[in-house]
Structures are given as C-alpha cells and as structure tokens.
Amino acid sequence: MFLSLLSAVHLGCIHAGWLCSSDCEASELLKRFQRGMAMVMRMMSGSSYSARPFARLCAVVDARAQFSTAAVSSVTTTTVSKSVTLPVGHGNVVAHASGRMTDTTGANGDPTFLESVDIYFDKAAAIAATTPDILAQIKACNNILKVQFPLKCANGTVELIEAYRAQHSHHRLPVKGGIRMAPNVDADETMALAALMTFKCAVVDVPFGGAKGGIKIDPTKYSANEKEAIIRRYTSELVRKNFIGPSIDVPAPDYGTGPQEMAWIKDTFEHLQPNDINGSACVTGKPLEEGGIDGRQEATGLGVYFCLREFLNDEALVAKLGLTTGIKGKTFIVQGFGNVGRHTIDSIYGAGGKIIAIAEVDGGLVAECEDGIDIPGLKAYYKKKGTITGYPGAKTVKFAQGILELPCDVLIPAALETQIHSGNAGNIKAKIVAEAANGPVTPLAETMLEDNDVVILPDLLLNAGGVTVSYFEWLKNLNHIHFGRMSRRMEERGKTALIDALENQFGNGHRFSDEVRSQVVKGNTEVDFVWSGLEETMLLSWENVKRTSQGRNCNYRTAAYLIAIERIATCYRVSGIFP
Ligand code: NAD
C-alpha cells in the first residue's frame, strides 16, 4: 500500500510536470498536481474505485441518453450544450458539443493522450517480469526533434510550419512509425504515438523500434503543390538531422497522409542520398510503382478485421457478451471513413456484417434499413462527392459524435485519439469497442466501459496490420525484388505436374475442368504473400494476447502491453548497455 502511494505521488509529480519542466506557474503546477493525483488515485484504487457514481456525475445533460436510431432526426437539428461536472481535483468543465472531439489536452478531466499511454504502460509494468531500471528505459522517449521551416504559399505569403519526429525506442533498428498531418499535432501527441509504435511492433513481433512524425497543418487547407513543398522540406530536415534512412528511421502514412506523400519522401531522400542503394526502403506505404507493396493500403483495416473475426468466432468469449459467434449479422458502427475506417468497413461488409452507422467530421450516416448501409453504393457516392454526408441510401445526421452512442454490437473508432472519454463513455451502448485508431479510449473511459461489461480490443494489437505490411514492404525494398517473382511460375509448374499425375493415375480418362485446374494451379502473387503473412501475424498475436490476458488475469490492453514490455526487456537484457 505504501509503495502504491509512493508511486501515486511520483506519478502525480510527473503529471504536474515537476520532473520534466520548471517554468510552470506555481498555482498551475498545484492544479496540475491535484488533477494528476486525483487521476492516479482513481486509476490505482482499481476495484475499490467505482466508476458508476463517476459515470452518473458525468452523465451528459442532454438528449444523448435517448439517442437512438429513432431519435436521430431530432438530434440532428439540435445544438446541444453539455455541462459535465467532474469529481474533486478536476474542477467543473464544459464538454464539447460540436461533434468534433479531437482534443488531446485532457479535456473533461481525462488525462492527456501522452499521460494515457503512460498510465496504460504503468498498469502493465506493475505486473511485468522485469526490473524498474529496465522499465524506466523502456518507458522513456529517446529522441524528439522539432523543426520549424518556412513555406512559400501559393498566394505569395510565407508561413512558418512546425513539425516533429519522435523516436521512442532504439532497442531494434530502424525505428518505424507514420507521419501525421493535422492541426492539433504537438510534441506530446507525437511522443505518445511513437511510444505506441514501440509497443505495437513488439506485440506483433515486427523487429523495429517505435517512432512517429507530425506536421502541424490542416492538409485540407493546402494545395497539392504546397503539401509537396512541406513534405520535401520536412524530409530534408530529417535527412540533415539523421532522422530518416532505411537503417535509421522509416516513416509511413498516418492520419492525413497517404501514398502520394510517401512518394515525395522517397524521391527527396534519394535526391539527397544518391549513393544509398537501399534508398527506397527509407519510407513505406509508397505507391506500387514507387516500390510500394501490393496490399499495404488495405492492411490496417484488414488487420482490424482479422482480429475482430477471431474474437467473434470464439464461442466462450462472445457467449459472455450474450452474442452468438461470427461477423455475419452483427451490427457495427465506425468513426472515420479514411484509410483505416474504409478498409475495415469493406472487410466487415464483405463478411456479412451490418454497418449501421458511420461518423465523419462533417456529419454522419445512420442506416434506415435492417441490413445496414449499402457500402458499394456509399463508396461510389464518396468517390464522386468526397464526403459521405448526403448519401441518399442512409440518413445524414449533423451531430456525428452522437453516433458513437447508438446501440450496436461493435463500435470501431477509426479516426483520432481520445474520442471515447469520461464525458461520453457512460453512454456507449456497444458490447465491443475495437480500437482501429491509436489511443481512442482514455483510461477513465476504459474503466467506465469495463464497469458496463464492454470489451475493449486494444490499438496495440488491432491496428498493427499497417506496420506489419510496412515491414514486408521494407523487406521487399531491401531485397530489390517483389514477392513471388522468383517462385510463381515454378509453383505453377509443380502444381500442374501434380494435377497431370493425378489425372493420369486416378482419372480413368476424366479431366479436371479448366476452372478447377486454373484455381489449383495458380501460383502466389505478391498480394497473396502479403495478406497471408498479415493474417498469420494477426492471428498469432491475438492468440498470444488472449492467452496472456487469461493467464495473467488482466484485460486485453494490459496483456498487449505486458507482451511488449517483456519482449523489449529481454532485448535490453540480452544485448546489454552500450558502452
Ligand atoms: P485518414 O486521414 O485516412 O482518415 C481519418 C478519417 O477520420 C478522416 O476521414 C477524417 O475526416 C475522420 N475524422 C477525423 N476526426 C473525426 C471525428 N471527430 N469524427 C469522425 N471522423 C473524424 O487517417 P487513417 O490513416 O485512417 O488513420 C486513422 C487512425 O488510425 C489514426 O488514429 C491513425 O493513427 C491510426 N492508424 C493508421 C494506420 C494507417 O496505416 N494509416 C495504421 C495504424 C493506425
């Protein structure tokens, strides 16, 4: 108990910034300390902390409690003001009502995103089989780079651009993690995301350390030429500071970036480092024609689907939630129709799941029929209009944040961090929250959800498909050959010989049909290798997380952190400390 209190005080100090900053006003420090202590005490008191009274206190005073498909139309037109009272140590705050909850600064009294990652880490660290000195090493962010550079805008003005790259852990090299473009990017968010990358790679046994980059802009406000200039200058800053390279640090797409940005990074790197024969491996998520890998675009969403499928096919686990097995017929709500959200939706829809609502920044869609939203129709509409709102096959609602609170079997946040927080967790009616985004559930929200018997499938595992396939792309670039090039025809010849032998031996004159023959004989293409490797990785990792959760009596998130911490600790122990 004494030790717990001591570490609570220690965490409270960290929360107050005592160990990392000295220029805070005293009163602000005190306030932050009180808030940190209150938060830590709640987190540490575990079962003795009842989330229910807190959930009641946080109960949002608006129509959301009655928010159901039937009530959607009334909610659409209402501007709701939500007053949320929080327990001692948090003061009174007013929660967001705009439908956009992208705050990472600890609004609603929740810890910030970075604090949340630390809290989740500490929870697992408390039961991890390693020593405090190793734990401190694993937890710390090794490097954080901040750069500021000018952009000559199309209208002739010059704007200062702020950007970051955090390298959380070098226990394996290169370090790896996406680059984000969003207006709320800052050092803390970048460090939180980099830490998640370290743990994620360890969970799925991808041999990289963790990193993340962020450029503080709203990409929708810049022309393609301006974005190209920003990305190229950012890359050149990384090159100058030795923060990028196939054996050093390998970025990838994240929120607000995609294959085009990765192509500009590769091109810039190769111009600046022309003697590096492995230059194309300096970044992953590239277009196919620029050394990308077939299947990377879909990889994160497909990985989410594989894990969900495994969970939902586990009779014992779903029975506890009062569900039958299988994806078919289950209801799903997805927040975010970007890269991850769209491909997750595709796979679920393809397996017979019903997508009953989708939330986006400019509004959301709620299905009007039993079967859910027609996804091929929506995708065609989105391609034409660039938005999901107004799609005639479903009801458009303006208050997209309320969509998260509709009843469903599985809620999939696939947008940004801290979307499910102490202000709305009590209203979530899903049985499963599947974290396709990074850090979408705050620790307070996690406690409240679990108190309501909601199962959380954690980001560390669920969205690790992206980095897994990025690993395959990196290997492909280092090998300078695409998967299947040397083996496909040979495989086909071998299988043709086998079919011929079967027909000659046992066919009695009968022949396989051309269709069957070509199906059996077909050799593996690159995407076959990639998705098979992805499925293998996700299944093995899920099994490991499930087993660890059962064996160590903890939730799936803590189990994933435990696996990561113990794997990284082994690496430190075996490799020793330099010098
Ligand atoms: P993206 O930019 O392609 O799409 C994100 C979508 O979310 C956008 O359409 C945006 O409009 C929407 N959005 C933003 N705020 C929203 C809100 N409050 N409500 C509803 N919708 C909102 O980004 P992405 O690559 O799909 O990444 C999404 C999440 O997944 C991020 O947390 C990212 O870190 C994580 N992730 C991405 C990858 C990857 O391979 N791209 C891999 C692992 C994790």
Side-chain angles (χ1 to χ4, degrees), residues 96 98-104 113 176-185 189-190 192-194 196-197 199-201 203-204 206 210 212-214 218-220 251-262 284-286 292-293 295-304 307 333-346 357-365 382 386-389 397-404 411-421 424 434-441 458-471 473 534 538:
H96 302 237
S98 64
R100 178 141 194 174
M101 293 287 301
T102 54
D103 202 331
T104 61
F113 183 23
K176 184 100 190 67
I179 292 178
R180 171 175 288 202
M181 291 202 290
N184 58 323
V185 159
E189 183 197 60
T190 313
L193 289 162
L196 288 181
M197 285 306 299
F199 306 133
K200 192 181 303 181
C201 290
V203 168
V204 290
V206 162
K212 204 79 178 194
D218 177 350
T220 61
D254 192 71
Y255 186 90
T257 62
Q260 177 58 78
E261 286 76 15
M262 303 307 116
T284 59
K286 301 178 289 286
I293 196 164
R296 171 62 181 89
Q297 285 265 70
E298 300 87 342
T300 309
L302 194 55
V304 171
C307 273
I333 292 178
V334 181
Q335 183 196 37
F337 199 64
N339 176 287
V340 178
R342 263 201 317 272
H343 290 115
T344 303
I345 286 173
D346 258 353
I358 304 172
E360 251 297 331
V361 269
D362 57 344
L365 292 179
Y382 181 82
T387 175
I388 59 168
T389 59
V397 297
K398 281 193 186 129
F399 182 52
Q401 201 65 23
I403 280 180
L404 306 190
L411 171 62
I412 307 180
L416 281 170
E417 57 268 14
T418 63
Q419 296 297 299
I420 303 175
H421 45 83
N424 64 358
E435 295 185 338
N438 282 312
V441 177
D459 49 4
L460 285 195
L461 168 72
L462 218 67
N463 69 30
V467 75
T468 302
V469 173
S470 274
Y471 169 45
E473 180 176 333
L534 174 63
M538 298 310 291

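The chain is numbered in sequence order, starting from 1. Just so you know, ligand 1 is whichever comes first in the structure, and atom 1 is the first atom listed for that ligand.
- Polar contact with ligand 1: absent for Gly341 (N/O pair, distance under 3.5 Å).
- Residue Ala437 approaches ligand 1 through these ligand atoms, each under 4.0 Å from one of its heavy atoms: 29 (C), 30 (O), 32 (O).
- Lys200 pairs in a side-chain hydrogen bond (donor to acceptor under 3.5 Å, both in side chains) with only one of the listed residues (Asn463, Asp459, Thr468), which is Asn463.
- Between Lys200 and ligand 1, no pair of N/O atoms sits closer than 3.5 Å.
- Under a 4.0 Å criterion applied to the non-hydrogen atoms of Arg180, ligand 1 contributes the atoms 31 (C), 32 (O), 33 (C), 34 (O).
- Evaluated by nearest non-hydrogen atom to atom 32 (O) of ligand 1, the leading choice among Ile388, Asn438, Asp362 is Asn438.
- Set against the non-hydrogen atoms of Gly336, the atoms of ligand 1 under 4.0 Å away are 7 (O), 21 (N).
- Contact annotation: for Glu360 versus ligand 1, heavy atoms closer than 4.0 Å belong to both the backbone and the side chain.
- For ligand 1, the atoms lying closer than 4.0 Å to a non-hydrogen atom of Ala436 are 30 (O).
- Listed by atom number, the atoms of ligand 1 under 4.0 Å from Ala359 heavy atoms are 20 (C), 21 (N).
- Close approach of ligand 1 to Ala414 (heavy-atom distance below 4.0 Å) involves ligand atoms 28 (C).
- Under the 4.0 angstrom criterion for non-hydrogen atoms, Arg296 is in contact with ligand 1.
- Closest of all the heavy-atom pairs between Ala436 and Leu462 is N-CD2, 4.1 Å.
- Ionic pairing of Arg180 and Glu417 is present here: one or more N-O contacts between side-chain nitrogen and carboxylate oxygen are shorter than 4.0 angstrom.
- Heavy atoms of Thr300 found under 4.0 angstrom from ligand 1 belong exclusively to the side chain.
- Distances between N or O atoms of Asn339 and those of ligand 1 include at least one value under 3.5 Å.
- Contacts with ligand 1 closer than 4.0 Å are made by no heavy atom of Ala252, backbone or side chain.
- Residue contact annotation: Gly256 has a non-hydrogen atom under 4.0 Å from ligand 1.
- Where the criterion is an N or O separation shorter than 3.5 Å, residue side chain and backbone included, Ala415 meets it with respect to ligand 1.
- Pairing each heavy atom of His343 with each of Gln297, the nearest pair is ND1-O, 3.2 Å.
- Listed by number with element, the atoms of ligand 1 under 4.0 angstrom from any heavy atom of Val361 are 11 (O), 13 (N), 14 (C), 15 (N), 16 (C), 20 (C), 21 (N), 22 (C).
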